[in-house]
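Just so it is clear: chains get the letters A, B, ... in the order the sequence lines come, proteins before strands, and each one is counted from 1.
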Amino acid sequence: MTQPIVHAAPRAWLTGLREAIPLMSGYVPVAISFGLVATQAGFSTWEATLISTLVYAGASQFLFVSMVAAGSPLWLVVLMTLLINMRHVVYAPNLAPWLNQGRWWPWLMHGLTDQIFALAHTRLPQLPESQRLGWFAGAALLAWVSWIGGTAVGAVAGEELTRRWPLLGEVMPFALPALFLVLLAPRFTGLRWSLALGSAVIVAALLTEKGLSNAAIPLAAACGALCFYVVRFNATAGGKRDE
Amino acid sequence: MSSALWLAVLATAAGTLLMRILPLLWMRHRLERRERDDDFDAMPQWLGILGPVLIAAVLGSSLVPSPSILLYWSATACGVAITLLVWWRLRSLGWPVAAGVSAYGLVIIILGL
């Protein structure tokens with residue numbers, strides 16, 4: 001009699017699903033807010049859900065519905081939405097060294113949000129090549145479905161939910177910064193990286209606090225990268241290097 | 001929704017998707033070229049630096065509580081401290097996040113009363 005093969009390691013896509021759960025607790029409250037805002041702006045539940053399914057880019061979706069509601073020209077709405085999403089351009093090349101030539105990868109990039117990028121940038125290098133596609137599909141799918149589901153729930157019952165459980169909506173979004181913190185902490189490996197990453201965190205927080213949340217990420221990243229180069233320049237000029 | 005609005009949604013969706021796919025195809029091409037030419041650097045240095053600093057920027061942006069008042073900033077500070085402390089002890093992904101969220105919630109409940 002042959003014994004069934006027992007896999008000690010969990011399936012890759014299940015691991016991806018499990019590791020993306022903290023993202024879900026951050027996505028759902030924001031998606032509920034989007035569903036609520038979209039219906040208040042005159043979109044139907046079906047339309048709001050379809051926008052979340054097709055566009056799938058949080059901040060730009062809020063801008064899209066608010067500009068449409070304000071009566072802005074549609075070409076300007078599309079242009080501004082795409083400008084906000086420009087930051088996505090640098091995500092896939094950063095992951096590419098860990099992706100093979102599989103034909104599914106380009107389509108899976110639809111799920112490459114800020115949060116999935118942060119998670120994948122840390123986890124993909126740690127996984128064997130055979131598990132990366134499954135892991136990414138599991139993580140990205142959970143995030144996508146939670147975003148779509150949250151939008152639908154928000155459009156149907158957003159007002160009721162936020163009235164009944166206000167604390168839940170306030171507390172759960174902290175899962176996102178907590179997750180990013182855990183992803184980023186191991187990268188503080190020396191003075192040079194610490195200054196670059198620390199300055200990016202501080203500049204992004206300051207700009208967001210000042211209401212410039214859309215510009216915060218690209219500007220803060222540019223500032224962090226500049227810091228990285230300046231420290232190298234100074235270290236080289238002083239005859240020593242800190243990698 | 002009018003057909004013009006539908007077109008705007010589809011244009012936004014297609015543009016966003018292309019911004020996610022095309023850079024991957026570009027980098028794949030560069031990686032293939034590196035296999036043929038050892039001297040060719042597929043990953044420009046600035047791109048390797050941008051990855052971690054983008055995560056840092058996303059962290060900074062998500063740290064700002066809404067509304068930005070002392071109660072939420074206190075909860076954020078406490079949540080950050082507990083998340084880092086648990087991460088330092090366990091070096092895992094899930095528990096530090098759970099502990100940080102719990103600490104954040106506790107501060108809001110205690111100070112908000």
Side-chain angles (χ1 to χ4, degrees), chain A residues 19 22 43 47 51 54-55 57 64 68 74 77-78 81-82 85-94 96-97 101 105-106 109-110 112 114 118 121 170-172 174-185 187 196-197 200-205 208-209 213 216-217 220-221 224-225 228, chain B residues 1 4-5 7-13 15-17 19-28 30-31 42-43 46-65 68 72 75-76 79-80 83-84 87-88 91-94 96-98 100-101 104-105 108-109:
Chain A
E19 292 182 354
F43 290 84
E47 288 162 353
I51 290 173
L54 296 175
V55 179
F64 186 95
V68 168
L74 288 179
V77 174
V78 174
T81 311
L82 291 179
N85 292 337
M86 274 298 283
R87 66 186 185 282
H88 290 121
V89 166
V90 297
Y91 290 164
N94 264 286
Q101 292 292 324
W105 279 115
M109 291 300 104
H110 179 55
L112 192 58
D114 300 324
H121 194 259
E170 289 174 27
V171 172
M172 292 316 289
F174 186 75
L176 278 184
L179 178 66
F180 295 140
L181 203 58
V182 174
L183 294 174
L184 203 63
R187 295 177 189 270
L197 298 175
V201 171
I202 291 167
V203 170
T208 306
E209 167 68 13
S213 52
I217 292 175
F228 187 87
Chain B
M1 221 163 36
L5 195 49
L7 272 178
V9 170
L10 289 177
T12 306
T16 306
L17 183 62
M19 275 191 244
R20 287 166 169 161
I21 290 180
L22 291 180
L24 173 69
L25 301 179
W26 170 74
M27 184 51 93
R28 271 182 168 182
R30 288 178 67 91
L31 289 168
M43 184 78 149
W46 60 267
L47 205 53
I49 295 162
L50 265 186
V53 294
L54 271 166
I55 300 174
V58 175
L59 166 66
S61 187
S62 64
L63 273 176
V64 179
S68 179
Y72 290 96
T76 301
V80 165
T83 304
L84 283 176
W87 172 79
W88 188 258
R91 303 281 167 150
S92 67
L93 202 67
V97 174
V101 172
Y104 180 87
I108 287 183
I109 291 169

Engaged part of [X] at the chain A interface, taking heavy atoms whose separation is under 4.5 Å:
X: B/Leu54; result: both
X: B/Leu25; result: side chain
X: B/Leu10; result: side chain
X: B/Val53; result: both

Under a 4.5 Å cutoff for heavy-atom pairs, which residue among [options] has the most contacts with chain B?
options: A/Arg187, A/His121, A/Glu209, A/Gln101; result: A/Gln101
options: A/Leu197, A/Leu181, A/Ile202; result: A/Leu181
options: A/Ala185, A/Ala196, A/Ala220, A/Ala57; result: A/Ala185
options: A/Ala225, A/Gly224, A/Ala118, A/Pro106; result: A/Pro106
options: A/Ala216, A/Ala200, A/Pro177; result: A/Pro177
options: A/Val77, A/Asp114, A/Val203, A/Leu184; result: A/Leu184

Give, as side chain, backbone, both or neither, the part of [X] having an atom under 4.5 angstrom from any heavy atom of chain B.
X: A/Leu82; answer: both
X: A/Val68; answer: side chain
X: A/His88; answer: both

Sort out for me which of B/Ile49, B/Thr16, B/Ile21, B/Val9 touches chain A most, counting heavy-atom pairs under 4.5 Å.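 Among B/Ile49, B/Thr16, B/Ile21, B/Val9, the one with the most close pairs to chain A is B/Ile49.
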
State which residues pass side-chain contact (heavy atoms from CB on, under 4.5 Å) with A/Ala178; sequence neighbours excluded, sorted by chain then number.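 A/Ala178 satisfies side-chain contact (heavy atoms from CB on, under 4.5 Å) with A/Phe174, B/Thr83, B/Val97 once adjacent residues are dropped.
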
Side chain to side chain donor-acceptor pair (under 3.5 Å) with A/Thr208: which residues, sequence neighbours excluded?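 Result, side chain to side chain donor-acceptor pair (under 3.5 Å) vs A/Thr208: B/Ser61.
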
Test your reading of the model: is there a side-chain donor-acceptor pair from B/Ser68 to the backbone of B/Pro65, 3.5 Å cut-off?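 Not a single qualifying donor-acceptor pair exists.
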
Ring-face cation contact, B/Trp26 with B/Arg28, 6.0 Å cut, 45° max: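 Because its charged atom misses either the 6.0 Å distance or the 45° angle limit, B/Arg28 does not stack over B/Trp26.
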
